[in-house]
Amino acid sequence: QVQLVESGGGLVQPGGSLRLSCAPSGFTSDNYAIAWFRQAPGKEREGVSCISSSDDRTVYSNSVKGRFAIFRDNAKNTVYMEMTRLKPEDTAVYYCAVTLRGWGPWWSTPRRYDYWGQGTQVTVSS
């Protein structure tokens, strides 16, 4: 059974930082990618960042480039997303997701992902 367990959300002031964690389990693949998506009320789910398993290649949406960083700790089998210089518009439920079909320019398309975590709320407010 594939599971993606997320943690690390919360309330933070504008300009602050948070680190989200995603611990995947229950699948074996040499060519997968894990992404973070977010969804704000009334908006579509948006791809934020992605990391490939084969070479740790990363990609980011323009809205977070330079502020967010996705990385893996293989020893802990965990993917992290460090979020800095947070803005009120970053407020959303954040989800991690895994695709077992490798990496591609379609990385920000939700329907290309096979499994999803339960989501964690991030609220940026003073």
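Only heavy atoms go into these numbers, but all of them, side chains included; no hydrogens, no water, no symmetry mates.
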Exercise. For E44, does the CD atom have more than 12 heavy-atom neighbours from other residues, nucleotides or ligands under 6.0 Å away?
Worked result: no
What pairs of donor and acceptor atoms, side-chain ones from residues 67-75 against any protein atom, are under 3.5 angstrom apart with sequence neighbours left out?
from: R67; atom 1: NH1; to: R85; atom 2: O; distance (Å): 2.9
from: R67; atom 1: NH1; to: D90; atom 2: OD2; distance (Å): 2.8
from: R67; atom 1: NH2; to: S63; atom 2: O; distance (Å): 2.9
from: R67; atom 1: NH2; to: D90; atom 2: OD1; distance (Å): 3.0
from: R67; atom 1: NH2; to: D90; atom 2: OD2; distance (Å): 3.4
from: R72; atom 1: NE; to: D56; atom 2: OD1; distance (Å): 2.8
from: R72; atom 1: NH1; to: Y32; atom 2: OH; distance (Å): 3.4
from: R72; atom 1: NH2; to: S53; atom 2: O; distance (Å): 3.3
from: R72; atom 1: NH2; to: D56; atom 2: OD1; distance (Å): 2.7
from: D73; atom 1: OD1; to: A75; atom 2: N; distance (Å): 3.0
from: D73; atom 1: OD1; to: K76; atom 2: N; distance (Å): 3.2

Exercise. Among all residues two or more places apart in sequence or in another chain, which pass the side chain to side chain donor-acceptor pair (under 3.5 Å) test with R57?
Worked result: none
For this session: Report the C-alpha separation of E46 and S61 in whole Å, then their side-chain angles, then the decisive distance to 0.1 Å, and conclude whether the side chain to side chain contact (heavy atoms under 4.5 Å, CB included) test is met.
Result: CA-CA 9 Å; E46 172 193 14; S61 68; 4.1 Å; yes
Problem set entry | Where A33 and C50 come nearest, the two heavy atoms and their spacing | CB-SG, 3.8 Å
Exercise. Applying the 4.5 Å side-chain criterion to the ILVMFWY set and letting contacts propagate, would I51 and V5 be lumped into a single cluster?
Worked result: no
Problem set entry | Connected hydrophobic set around L11, excluding itself, where side chains approach under 4.5 Å | none
Exercise. Applying the 4.5 Å side-chain criterion to the ILVMFWY set and letting contacts propagate, would I34 and W106 be lumped into a single cluster?
Worked result: no
For this session: Please examine the side chains of N77 and P24, heavy atoms only from C-beta on, and report whether any two atoms are closer than 4.5 Å.
Result: yes
Seminar exercise, completed: Distance col, row F27:CZ vs Q1:CD, nearest 0.5 angstrom, shows 13.5 Å
Problem set entry | Residue pair S21 / W36: nearest heavy atoms and the distance that separates them | O-CH2, 3.5 Å
Exercise. When you measure from the side chain of N31 to the backbone N and O of R101, does any donor-acceptor pair fall under 3.5 Å?
Worked result: no
Exercise. Can you tell me how far CZ of R19 sits from OH of Y80, rounded to the nearest 0.5 angstrom?
Worked result: 7.0 Å
For this session: Look at the side chain of T109 and the backbone N and O of R111, then say whether any donor-acceptor pair between them is shorter than 3.5 Å.
Result: no
Would you tabulate the side-chain donor-acceptor contacts of residues 117-125 under 3.5 Å, counting partners in other chains and residues two or more places apart, or write 'none'?
from: Q118; atom 1: NE2; to: E6; atom 2: O; distance (Å): 3.2
from: T120; atom 1: OG1; to: G9; atom 2: N; distance (Å): 3.2
from: Q121; atom 1: NE2; to: A92; atom 2: O; distance (Å): 3.4
from: Q121; atom 1: NE2; to: T123; atom 2: OG1; distance (Å): 3.3

Exercise. What closest approach, in Å, do K43 and Q39 show between heavy atoms, and which atom pair accounts for it?
Worked result: O-NE2, 3.1 Å
Exercise. Roughly how far, to the nearest 0.5 Å, is the CD atom of Q3 from the OH atom of Y115?
Worked result: 11.5 Å
For this session: Would you give the length of the straight line joining atom OG of S17 to atom CD of E82, rounded to the nearest 0.5 angstrom?
Result: 6.0 Å
Seminar exercise, completed: d(T99 OG1, R112 CZ) to nearest 0.5 Å is 7.0 Å
For this session: Supply the members, apart from Y113, of the Ile/Leu/Val/Met/Phe/Trp/Tyr cluster built from side-chain contacts under 4.5 Å; use none for a lone residue.
Result: F37, V59, V93, Y95, W103, W107, W116
Problem set entry | Sequence-distant partners of Y60, ring-ring contact (aromatic ring centres under 6.0 Å, His included), two or more places apart | none
Problem set entry | Heavy-atom pair with the smallest gap, counting every atom of L4 and A97 | CD1-CA, 3.7 Å
